[in-house]
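Please read the structure below before turning to the comments.
Letters A, B, ... mirror the listed sequences (proteins, then strands); counts begin at 1. Because the structure is a prediction, the values reported are computed rather than measured.
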Protein chains: 2
Amino acid sequence: MAREMIRHGGRSARIQNEVHAATRALLEVTDRSELTVPMIAERAGVPPSTIYRRWGDLSQLLADVAVERLRPIADPDDTGATMGDLEAFVVQYAEEMSSAVGRRLLRDVLADAENETSATKCCRFTYDHLEVIAGRAVARGEPGIDIGLVIDRVIAPIVYHILFRDRDVEPDYCRQLLATVEVGGLRTAA
Amino acid sequence: MAREMIRHGGRSARIQNEVHAATRALLEVTDRSELTVPMIAERAGVPPSTIYRRWGDLSQLLADVAVERLRPIADPDDTGATMGDLEAFVVQYAEEMSSAVGRRLLRDVLADAENETSATKCCRFTYDHLEVIAGRAVARGEPGIDIGLVIDRVIAPIVYHILFRDRDVEPDYCRQLLATVEVGGLRTAA
DNA sequence: ACGCTAACGCAAATAATTTGCACTTAGGCA
DNA sequence: TGCCTAAGTGCAAATTATTTGCGTTAGCGT
């Protein structure tokens, strides 16, 4: 039987939690550039070799931790109206991602050269959130939103400016971006 | 005299060139994840300590090399018309950046946690290119282009999709993005 | 040409990463 | 339920990468 056999429970899971927790805790007080695997291992109470075997190297571990932190814990706020939902989501997204912590998470996710699935997962989170908002719109009988258009017009510029630090992404700017998908009643993508 | 005293010529410059060349050469045949500083040092004919002292670590060296490779060697093509210039530039930009090499360069630039100037420099290149095109437009008496708008509407989505790998950025898609800044004769940003 | 010192090369010391082997244990199966 | 098997772990030795002190080389300003 060629079954996959990947362990999820018990010790394995406990170790994953402890390593993740140790990483998060150390990132609070340590610069990313002086964070090391042995440091995390000691704090988590495991030997370094366990971390190397399981995650490969520091950047992959950081990417894994970052993805977990970026994973949404709840659906976007329901404001009762599609544009309200969008605005609430986008403004909060920009605020979180442009913070020092958020920026680091974004970079950790992108830095991980192997396992490009980190980046894919992370952008999936955004897509899923927008899909929930789109679903609500339909349920309410409002015109649906074009998710691809929102990503291109709103999310992408925000992420670009955060990554390249060439301008702030304050709420007003986010609303300006959003306004461009609103014209003509959330029209379909070009 | 509190002059800075940074050396640019002679040996120092030669070493920088050799290390850069060695890095580029090794990246052709080696996966980024198995590239090491001692490897580059040997190929460049310098001791590893020289690299560590000068660049700090591998990711900073890779970022430095990436910035140099992204630095434009010439002004964007002059097609005789503003939209033609823009289209030529954007399509080529997307093609270069979405290749395996381009994607790696982009990530190397962003990965470097210290010295965030790498990212800034790199996005400056794009801005400068657009400024040249904008300057030509004015010189021809055509309406000027809003560089911020082009970045938000065209460059940012392209970069986003390349980094997160959630869709291809083929020429047609680039032209669609460009079309949204063309409506109303290159109108001023929102 | 001369002096000053940034940048270098070397090698020893330190730290990180890899690896073989024995052991533990999650999860499937009887 | 209680075996069985291999995924996952811990340990420690071997390897490899990184840091650092110190003497030397060579830009650059005078």
Side-chain angles (χ1 to χ4, degrees), chain A residues 1-23 25-27 29-65 68 108 111-115, chain B residues 1-23 25-27 29-65 68 108 111-115:
Chain A
M1 70 188 64
R3 273 290 325 283
E4 258 294 324
M5 276 301 255
I6 296 176
R7 310 240 162 136
H8 296 99
R11 180 167 68 163
S12 206
R14 186 167 53 253
I15 284 179
Q16 162 159 331
N17 287 338
E18 274 158 16
V19 169
H20 274 223
T23 305
L26 286 171
L27 277 173
V29 294
T30 315
D31 242 32
R32 208 225 115 131
S33 61
E34 39 195 309
L35 188 65
T36 66
V37 170
M39 225 183 261
I40 296 169
E42 188 185 16
R43 173 119 187 187
V46 301
S49 60
T50 291
I51 295 182
Y52 287 118
R53 275 217 239 271
R54 198 149 156 191
W55 282 277
D57 62 18
L58 182 59
S59 75
Q60 284 177 271
L61 169 57
L62 289 176
D64 191 39
V65 170
E68 285 317 302
D108 285 346
D112 169 19
E114 334 300 304
N115 196 15
Chain B
M1 70 183 69
R3 271 294 321 287
E4 260 293 327
M5 274 306 251
I6 296 177
R7 310 242 160 130
H8 294 102
R11 179 169 67 164
S12 208
R14 187 167 53 252
I15 284 179
Q16 162 160 332
N17 286 338
E18 273 158 16
V19 169
H20 275 221
T23 305
L26 286 172
L27 277 173
V29 294
T30 316
D31 242 31
R32 208 227 117 130
S33 60
E34 39 196 309
L35 188 64
T36 66
V37 170
M39 225 183 261
I40 296 169
E42 188 185 18
R43 174 119 185 188
V46 301
S49 60
T50 291
I51 294 182
Y52 287 118
R53 273 211 238 268
R54 193 145 163 196
W55 282 277
D57 61 18
L58 181 59
S59 75
Q60 284 177 272
L61 169 58
L62 289 176
D64 191 40
V65 170
E68 285 317 302
D108 285 347
D112 168 19
E114 336 298 303
N115 196 16

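If you measure from atom CD of B:E34 to atom P of D:dA17, you get 12 Å, rounded to the nearest angstrom. Rounded to a whole Å, the CZ atom of B:R14 is 12 Å from the C1' atom of C:dA7. The distance from atom CG of A:L58 to atom P of C:dT18 is 12 Å, rounded to the nearest whole Å. Residue B:W55 contributes atom CH2, which lies 17 Å from atom C1' of D:dT19 at whole-angstrom precision. Atom CD1 of A:I51 is separated from atom C1' of C:dT18 by 15 Å (rounded to the nearest Å). Between B:I6 atom CD1 and D:dA26 atom C1' the separation is 17 Å, expressed in whole Å. For A:I15 and C:dT25, the CD1 to P distance is 10 Å, given to the nearest whole Å. What separates CG of B:D57 from C1' of C:dA16 is a distance of 14 Å, to the nearest Å.
Taken to the nearest 0.5 Å, the CG atom of A:L35 stands 4.0 Å off from the CD1 atom of A:I40.
Comparing A:S12 and B:Q16 against DNA chain C, the residue whose closest nucleotide sits nearer the 5' end is B:Q16. Comparing B:M39 and B:G10 by the nucleotide of DNA chain D whose heavy atom lies nearest to each, the residue mapping closer to the 5' end is B:M39.
Distance alone, capped at 3.5 Å, places no donor-acceptor pair between the A:D31 side chain and the A:S33 backbone. A donor-acceptor pair under 3.5 Å is formed between the side chain of A:T23 and the backbone N or O of A:V19.
A search for side chain to side chain donor-acceptor pair (under 3.5 Å) contacts involving B:Q16 returns B:R54, not counting sequence neighbours. Listed by chain and number, the residues in a side chain to side chain donor-acceptor pair (under 3.5 Å) with A:E68 are A:R71 (sequence neighbours excluded).
Taking every side-chain heavy atom of A:T50 into account, D:dT9 is the closest of C:dG9, C:dA16, D:dT9. Candidate nucleotides D:dC28, C:dC8, D:dG10 were compared by shortest atom distance to the side chain of B:H8, and D:dC28 ranks first. When distances are taken from the side chain of A:R54 to each of D:dA26, D:dT9, D:dA17, the shortest belongs to D:dT9.
Side chain A:R53 to base D:dG10: a donor-acceptor pair is found below 3.5 Å.
The two residues B:A63 and B:D108 come nearest to each other via the heavy atoms CB-O, 3.5 Å. Shortest non-hydrogen contact noted between B:P48 and B:P38 is CG-CA, 4.2 Å.
The stretch residues 40-49 of chain A comes close to DNA chain C through A:S49, each having a heavy atom under 4.0 Å from the strand.
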